[in-house]
Amino acid sequence: MSFTYGFYNSLNGDRKYNSIQISSIFDGIIKDGIFASIGTCMVITATTGNVVNVGIGRAWFNHTWTLNDAIMPITADLAEVLLDRIDAVILEVDNTESVRANSIKILKGTPSSSPVNPTLTNNELIHQYPLAYIRRP
């Protein structure tokens, strides 16, 4: 659209607004990222075993918001027996019609004698943002 406006109350269903139109009012005011002044900025901390904790925080990515209002423990897959790997703790924005949700999860890396960060998805429907990379010896 080259010209848009809003918002007006609907009369007999004549006004329909989608999430992008509503979220776009924040364009130029809020930039994509994690808010530096809320909680612990979703900082990732190691605990015991294969568990990491995601700290309290709020994020804004791809015209969607994410709020984590309590420590969130996430369990990683076991380390490999012979090779190292690097896993990523990510915030994923999934616009796929069957999902339409944000999540925080661990993206498992590829085992290697010289491991590299896993490749994040960034396409029209799915965007992954790294919160931390974890070397798994």
Any side-chain heavy-atom pair of Thr64 and Ser23 under 4.5 Å: no
Matching residue for Leu107 among Leu120, Val89, Asn117 - test: side-chain contact (heavy atoms from CB on, under 4.5 Å): Leu120
Checking side chain to side chain contact (heavy atoms under 4.5 Å, CB included) for the pair Ile74/Val54: CA distance, chi angles, key distance, verdict? CA-CA 8 Å; Ile74 300 179; Val54 180; 3.6 Å; yes
Taking side chain to side chain donor-acceptor pair (under 3.5 Å) as the definition, give me every residue that meets it alongside Asn18, ordered by chain and number, with sequence neighbours left out. none
What pairs with Thr119 under side chain to side chain contact (heavy atoms under 4.5 Å, CB included), at least two apart in sequence or on another chain? none
Among residues two or more places apart or on two chains, list those pairs meeting salt bridge (charged side-chain N to carboxylate O under 4.0 Å, His left out) that have a residue in residues 117-129. none
What distance separates Ser19 OG from His63 NE2, expressed to the nearest 0.5 Å? 9.5 Å
Closest non-hydrogen atoms of Pro118 and Ala88, given as atom of the first, atom of the second and distance, are CG-CB, 3.8 Å
Distance-only side-chain donor-acceptor flag, Asn50 / Thr75, under 3.5 Å: no
Residue list, ring pair (Phe, Tyr, Trp, His ring centres under 6.0 Å) with Trp65, at least two apart or on another chain: none
Taking everything shown except Phe7 itself, do over 12 heavy atoms lie less than 6.0 Å from its CZ? yes
By side chain to side chain donor-acceptor pair (under 3.5 Å) - contacts of Asp94 (at least two apart): Thr96
Let me check something: any side-chain donor-acceptor pairs from residues 31-48 under 3.5 Å, sequence neighbours excluded? List them with distances.
{"from": "Asp32", "atom 1": "OD1", "to": "Asn62", "atom 2": "N", "distance (Å)": "3.4"}
{"from": "Asp32", "atom 1": "OD2", "to": "Asn62", "atom 2": "N", "distance (Å)": "3.4"}
{"from": "Thr40", "atom 1": "OG1", "to": "Ile56", "atom 2": "N", "distance (Å)": "3.2"}
{"from": "Thr40", "atom 1": "OG1", "to": "Ile56", "atom 2": "O", "distance (Å)": "3.4"}
{"from": "Thr47", "atom 1": "OG1", "to": "Val51", "atom 2": "O", "distance (Å)": "2.6"}

Does Arg135 have any side chain to side chain donor-acceptor pair (under 3.5 Å) partners at least two apart in sequence or in another chain, and if so, which? Asp84
Salt bridge (charged side-chain N to carboxylate O under 4.0 Å, His left out) against Asp87, all qualifying residues, sequence neighbours excluded: Arg85, Arg136
For residues 3-26, the salt bridge (charged side-chain N to carboxylate O under 4.0 Å, His left out) pairs (sequence neighbours left out) are none
By ring pair (Phe, Tyr, Trp, His ring centres under 6.0 Å) - contacts of Tyr133 (at least two apart): none
Does a side-chain heavy-atom distance below 4.5 Å link Leu131 with Ile104? yes
I need the minimum non-hydrogen distance between Ser112 and Leu83, along with the two atoms involved. N-CB, 3.6 Å
So if you build clusters from Ile, Leu, Val, Met, Phe, Trp, Tyr with side-chain heavy-atom gaps below 4.5 Å, do Leu78 and Val52 land together? no
Reported CD1-to-NZ distance for the pair Ile86 and Lys108, which is rounded to 0.5 angstrom: 14.5 Å
Applying a strict under-4.5 Å side-chain criterion to I, L, V, M, F, W and Y, I'd like to know whether Tyr17 and Ile20 cluster together. no
Return the minimal non-hydrogen interatomic distance between Arg100 and Glu97, and the atom names on each side. NE-O, 3.2 Å
Residue pair Ala59 / Leu91: nearest heavy atoms and the distance that separates them: CB-CD1, 3.8 Å
Find out if a path of hydrophobic residues (ILVMFWY) with successive side-chain heavy-atom gaps under 4.5 Å connects Ile22 to Ile29. yes
Point-to-point distance, once rounded to the nearest 0.5 Å, from CD1 of Ile126 to CG of Asn122: 10.5 Å
For Lys105, all residues meeting side chain to side chain donor-acceptor pair (under 3.5 Å), sequence neighbours excluded: Glu92
Give me each pair satisfying ring pair (Phe, Tyr, Trp, His ring centres under 6.0 Å) with a member in residues 100-131, each pair once, sequence neighbours excluded. Phe61-Tyr129
For the atom pair OG1 (Thr66) and CG (Asn102), what is the distance rounded to the nearest 0.5 Å? 3.5 Å
